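The structure appears below as structure tokens.
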Protein chains: 2
Amino acid sequence: MNARSVIDGDMARTTGSHSDITGPRIREVALRLFAAEGYAAVSMRKIAAEVGVQAGALYNYTPDKQSLLFDLMHGHMEDLLAARAQAGTAGTPTDRLEAFTRFHISYHEERPHEIFIAYMELRNLTPENFVVIEGLRGKYEDELSGILRAGVESGEFTLVDPRVATRAIISMLNGVTTWYRREGRLSLTDVETIYWDMVRKAVGA
Amino acid sequence: MNARSVIDGDMARTTGSHSDITGPRIREVALRLFAAEGYAAVSMRKIAAEVGVQAGALYNYTPDKQSLLFDLMHGHMEDLLAARAQAGTAGTPTDRLEAFTRFHISYHEERPHEIFIAYMELRNLTPENFVVIEGLRGKYEDELSGILRAGVESGEFTLVDPRVATRAIISMLNGVTTWYRREGRLSLTDVETIYWDMVRKAVGA
DNA sequence: CTTTGCCATGAACGCCCGTTCAGTTATTGA
DNA sequence: TCAATAACTGAACGGGCGTTCATGGCAAAG
């Protein structure tokens, strides 16, 4: 055995540790339980039991239950914005609207738990945490608003009220996660295409 | 004072009573609190305190907390179906779709608590109660499905998939209650018209 | 006025909650 | 091999939970 040195980088782990296993597991279990039963109905003991640990151990990873919820929602919104930033934003407003529609549907279909929490558990955030999440959500919705306004200006879209249209389209697209099942009669691409057809017509493109 | 006899009918009240005050108050307070904070986060003691009564007294009106939730949801769905049955169902599919759209928006705007609960607290119902509510919801959505199918058959609508369109339209319309405020820049009629414009175009009419 | 019985009280039941913490275990670097 | 320390346990804290029930006040009926 050779004297291979420690893998460098940001590795700063000190002695005896496997927090890099338990930490993610806690977030993963909490995400699933919060989505299935709701924040208020899930106890720290229940999360701990599912992780395979005692309740007290959770507090090595989160200062309290509220932070656990906030971190999940915050992480989700930042991931969503980052993924959206990488997706295509070029072309005509119509092209961009199609890209947005397909991106929204496919991204959220892969993360049903996250979106469920992001929209259902807002009222369980403390006021300070709420404004942060609400701000990030606003940033995401602004992407769609911008596309709609550009389309109206270019004459591609005919919309009575772009602000209301933004809300309407977001609500419609979010609905997908409440009924779509991978094993069902439609593929995800089918669903994207059906929704895109309705969105396109709704904006008058 | 004359010997006016007891008001007849189904009056079967026996001796000393004001349950016809407390009963409705409990449902009213529970509805508001469940909508604002969520079923799991609202305790029986909290409901009782807001009604102005001790927790034990609630059990003169409901066998348990679960029944309180179920009765609120069940009552809401039956009222919704009854109101819908009275609304206009005549004319072309386009007429009927417009009537449905405007009915749905205006009915739900007047009952924001009810719809919030009906869509957010499904997971807090016992399995038996869940299937009942889900069945009533299906009946309501079938009204829209019927209109869409009729429009496709008559050639008025061009829809890739009426079943998916039903879900999409319902989601879109439900979204109104998450942002609409009476004091805001738009009247309810404005909102109805904006949404009807989008729905009409989305179905290709 | 007396009886009737609805309606509400308030204490109690056993249980679960979020969180803390002193002590134990397990893993690592030296 | 051993000291250092991260990770976890298990018990405890005060408090809230849904629900039950013996008790009593009080309005109406007779």
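So you know, we letter chains A, B, ... as the sequences are listed, proteins then strands, and number each from 1. All of these numbers come straight from a predicted model, not from anything done at the bench.
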- Task: From the options dG10(D), dA7(D), dT19(C), select the nucleotide whose nearest atom is closest to the side chain of Gln54(A).
- Result: dG10(D)
- Task: Tell me which nucleotide among dT9(D), dA8(C), dG18(D) gets nearest to the side chain of Ala57(A).
- Result: dT9(D)
- Minimal non-hydrogen separation, Glu141(A) against Thr166(A), with atom names: O-CG2, 3.7 Å
- Item | Length of the NZ-P vector between Lys46(A) and dC15(C), whole Å | 17 Å
- Item | Proximal nucleotide (of dT19(C), dA7(D), dC7(C)) relative to the Tyr61(A) side chain | dA7(D)
- Query: What's the NZ-C1' distance between Lys65(B) and dT20(D), to the nearest Å?
  - Reply: 17 Å
- Query: When you check the phosphate oxygens OP1 and OP2 of dC7(C), does a side-chain N or O of Thr22(B) lie under 4.0 Å from one of them?
  - Reply: no
- Query: Separation of Ile26(B) atom CD1 from dC7(C) atom C1', in whole Å?
  - Reply: 11 Å
- Query: Does the ring-ring contact (aromatic ring centres under 6.0 Å, His included) test come out yes or no for Tyr140(A) and Phe100(A), once each step is laid out?
  - Reply: CA-CA 11 Å; Tyr140(A) 182 71; Phe100(A) 184 93; 5.4 Å; yes
- Query: What's the CG-P distance between Leu58(A) and dC8(D), to the nearest Å?
  - Reply: 10 Å
- Message: For Val53(A) and Arg45(A), find the nucleotide of DNA chain D closest to each by heavy atoms; which residue's nucleotide sits nearer the 5' end?
- Response: Val53(A)
- Which of these nucleotides, dT19(D), dC7(C), dG18(C), is closest to any side-chain atom of Met44(B)? dT19(D)
- Tyr59(B) OH to dA12(C) P, in whole Å, measures 19 Å
- Task: Kindly say if Ser43(A) contacts the phosphate of dC17(C), meaning a side-chain N or O under 4.0 Å from OP1 or OP2.
- Result: yes
- Message: Looking at Tyr61(B), I'd like to know if the NZ or CZ of Arg27(B) sits under 6.0 Å from its six-membered ring centre while staying within 45 degrees of the ring's axis.
- Response: no
- Indicate the atoms forming the closest heavy-atom contact of Met44(A) with Asp64(A), along with that distance. CE-C, 4.5 Å
- Item | Leu69(A) CG - dG18(C) C1' separation (whole Å) | 15 Å
- Message: Expressed as a whole number of angstroms, how long is the span from Asn60(B):CG to dT20(D):P?
- Response: 12 Å
- Message: Counting the atoms with a prime plus P, OP1 and OP2 as sugar-phosphate, which does Val42(A) contact under 4.0 Å by heavy atoms, base, sugar-phosphate, or nothing?
- Response: sugar-phosphate
- Item | Qualifying residue, where the test is ring pair (Phe, Tyr, Trp, His ring centres under 6.0 Å) with Phe34(A) and the options are Tyr39(A), Phe116(A), Phe70(A) | Tyr39(A)
- Rounded distance (Å) that lies between atom P of dA8(C) and atom CD1 of Ile47(B): 15 Å
